[in-house]
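Worksheet: one structure, shown below.
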Amino acid sequence: MTKGLVTLVNPNQVHPPITPYALDILTTALELGGFRAEVLDLCWHRDDWRSVLLEYFATHRPLLVGVTVRNTDTIYPQEQRVFLEQHRAVFRQIAGQCAAPIVAGGVGFSSMPYALVEYFDIPYGVKGPGEHHILELACALAEDRAPHRAPGLIVNAGHPLVYPEQGGTAAPARNPALAGTAYLRRSGVPGKVDNLAYYRHGGLGNILTKNGCPFACTHCMEPDAKGSRFTRRPVTAVVDEMELLTASGVYDLHTTDSEFNLLISHTKAVLAEVIRRKRTDPGSPLHRMRLWIYAQPAPFDAELMELLAGAGCAGINLAPDHVRDELLDGWKVTARGTRFYTADDIGTVCALARAHGIPVMAEVLLAMPGETAATLADIVRRSLDWDAAVVGYTLGIRVFPYSPLGIRFAAECAGRDTVPGLQSNTAVEPIVLTPRAECTDAAAYERQFLFDGHGRIRPVYYFSPELPEDPGTLRAPDGRWTRTLRLLRSLVPETEQHRVMLPTEPGSGAEDNNYADNPFLLQLTRLRYTGAYWSYWPQRERIMREARAGEQYQAVLPGKVADDARANL
């Protein structure tokens with residue numbers, strides 16, 4: 001007999017769909033704690049999610065409902081699509097149909113938890129890893145007692161709105177309760193996350209080897225949202241999970257660590273265990289695993305690359321961001337403020353990967369403070385010289401409340417003036433931020449990074465005002481850096497454009513360099529391609545032709561076009 005039912009809801013309806021890994025982690029924690037956990041996944045119900053909620057809560061009486069908010073918005077600077085209104089509609093319908101309290105969490109939620117507890121009007125929120133907190137909340141409700149006040153747990157107490165507040169925001173729990181456990185990853189089981197369905201519709205599974213990050217890159221919110229220390233997962237638990245996923249048919253796995261190669265000794269131990277199991281067991285499903293990793297240019301050495309090749313690495317998504325020292329000093333740094341890679345490290349990684357037949361995508365971040373036409377031209381030229389299969393460029397950066405950049409801009413604005421370069425496509429007045437110390441509470445501080453003074457949704461972005469935009473664009477709070485977009489495109493020779501991802505204005509077609517409802521990605525999944533979408537980018541024209549052919553002949557030869565497309569890989 002269980003202690004009660006906890007319902008976990010995924011409100012994310014972005015396609016191609018992204019597996020809600022957090023719900024597998026929470027389900028594992030709750031089941032080990034004696035509860036029955038059921039997942040209500042609205043990703044598969046974009047058009048009928050209201051009726052799905054209505055039918056479910058008409059027959060189920062959970063003692064707690066958990067909702068994961070993975071993303072508040074796309075963070076794509078040219079699109080700036082925000083998901084919160086649709087998410088709030090889900091919260092409101094749940095609250096209207098179910099008497100159980102609601103708790104929200106997830107990395108997007110954790111970036112501004114007080115403001116979102118307020119916006120969603122819910123009793124509980126969790127910042128950082130949530131498995132300990134959801135189990136504690138469920139136990140408290142089952143035992144009819146108040147939950148313990150723990151770091152990372154936010155409780156809506158009316159007025160003042162929430163507690164506790166530590167240093168401006170609730171601190172995430174340092175050690176996830178299940179750090180030593182292999183999470184349960186299931187497929188085709190009613191009431192659970194269907195990992196195989198996500199793989200078939202999204203092209204990738206996911207795996208976590210460690211959580212948190214002690215680095216202090218100025219644009220990044222992950223150390224604040226996930227914890228500023230590494231929490232290692234045991235090597236055996238990680239590889240057990242890899243085997244569980246690959247045995248179910250999920251062969252392409254991407255790492256969800258902040259960066260896979262940070263804490264490199266642990267990274268090597270995971271890969272070595274994969275290799276050991278493959279060597280000792282010819283029947284292990286790990287022989288079919290294709291691993292896709294996110295990595296920084298350093299630390300990275302020949303031994304790591306050999307281990308990656310032996311473990312079945314299919315591709316490396318490298319995030320050098322830039323090469324100019326005057327920009328990167330103070331930007332890509334450790335907690336001590338020191339740089340942790342050089343431009344030479346980027347070329348070294350690409351060369352090592354080439355020697356082992358592993359493709360690399362290099363992601364470059366443009367328009368950070370100090371970016372000019374000259375530095376932009378320099379990074380484009382030098383990045384195209386890297387031995388990378390694909391080079392991607394992002395122009396502009398989303399500014400979050402607790403990233404070093406967000407804290408800096410709030411201090412520079414000082415509640416009085418805007419900082420040149422602060423922009424939002426929906427802004428109707430200059431963006432003026434106020435430091436946390438001068439705000440009435442944490443919710444008020446966080447709110448200004450997503451809403452204007454009238455409560456209208458207005459996410460905050462930054463584009464270097466030293467880029468060659470006209471004065472009108474620079475003055476306008478909703479100015480679009482379209483001249484820089486055109487400059488960037490002109491810097492890429494036509495002979496290189498097949499392997500380059502360029503930022504574009506939304507709706508421009510298959511070359512949109514964003515994720516949510518991207519036409520090229522949607523076609524990839526319809527044709528049953530698997531793996532990281534960037535690995536197919538140089539072939540996009542051929543693939544889109546195949547997709548159009550498939551649409552034309554689908555009624556006559558259903559399924560044949562997809563089979564032919566796969567055969568051509």
Side-chain angles (χ1 to χ4, degrees), residues 11-12 18 20-23 25-26 66-75 82-84 87 103-120 122 124-134 150-154 162 164-179 206 208-231 233 255-260 262-263 294 296 319 333 335 397-410 436 442-443 445-450 459-461:
N12 188 355
I18 301 171
Y21 195 176
L23 298 190
I25 296 172
L26 298 179
V67 182
T68 180
V69 178
R70 182 184 185 274
N71 299 100
T72 58
D73 49 90
T74 61
I75 73 170
V82 178
F83 306 127
L84 292 182
H87 286 356
V103 57
V107 67
F109 178 87
S110 296
S111 68
M112 48 187 72
Y114 287 99
L116 293 182
V117 164
E118 177 185 74
Y119 179 74
F120 295 138
I122 54 176
Y124 300 110
V126 172
K127 177 168 184 167
E131 53 265 43
H132 170 79
H133 295 300
I134 199 165
L153 177 64
I154 299 170
V162 287
E165 186 177 342
Q166 302 172 6
T169 182
R174 286 185 173 180
N175 296 305
L178 298 184
N206 43 26
L208 178 72
T209 76
K210 60 184 176 300
N211 212 353
C213 181
F215 285 32
C217 300
T218 187
H219 62 295
C220 187
M221 42 73 71
E222 290 204 6
D224 174 75
K226 293 183 175 182
S228 58
R229 295 176 60 183
F230 286 130
T231 300
R233 296 186 61 207
T255 57
T256 62
D257 306 27
S258 292
E259 302 289 352
F260 183 59
L262 302 184
L263 196 61
Y294 292 94
Q296 288 290 328
V333 294
I397 187 69
R398 176 76 162 87
V399 181
F400 287 98
Y402 302 108
S403 68
L405 200 63
I407 295 169
R408 167 185 159 181
F409 287 150
R436 170 63 191 92
Y445 174 69
E446 296 169 3
R447 196 185 307 125
Q448 61 187 334
F449 288 84
L450 194 57
V460 178
Y461 286 79

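We count residues from 1, following the sequence as given. None of the values given here were measured: they were computed from a predicted structure.
More than 12 heavy-atom neighbours from other residues, nucleotides or ligands sit within 6.0 angstrom of CD1 on I397.
Put simply, CD1 on I18 and CG on N71 are 6.0 Å apart, with the number rounded to the nearest 0.5 Å. Going from atom CG of L405 over to atom NE2 of H219 covers 9.0 Å, rounded to the nearest 0.5 Å. Interatomic distance, Y124 OH to H133 NE2, rounded to the nearest 0.5 Å: 13.0 Å. The SG atom of C220 sits 9.5 Å away from the CZ atom of F400 when rounded to the nearest 0.5 Å. Here the OG1-CG distance, from T256 to L208, works out to 4.0 Å after rounding to the nearest 0.5 Å. The SG atom of C213 sits 9.0 Å away from the NZ atom of K226 when rounded to the nearest 0.5 Å.
Residues P113 and E446 are in side-chain contact: their nearest non-hydrogen atoms beyond the backbone lie under 4.5 Å apart. Here the side chains of L116 and T72 are in contact, with some heavy-atom distance below 4.5 Å.
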Test log, rule side chain to side chain contact (heavy atoms under 4.5 Å, CB included), inputs K210 and L263: CA-CA 9 Å; K210 60 184 176 300; L263 196 61; 4.0 Å; yes
Stepwise side chain to side chain contact (heavy atoms under 4.5 Å, CB included) test for F449 and V399: CA-CA 7 Å; F449 288 84; V399 181; 3.9 Å; yes
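Using bins of under 30°, 30° to 60° and over 60° for the plane-to-plane angle, the ring pair F120/H87 lands in the tilted bin.
Aromatic ring centres of Y402 and Y445: separated by under 6.0 Å.
When all heavy atoms of V82 and P459 are compared, the closest pair comes out as CG2-CG, 3.9 Å.
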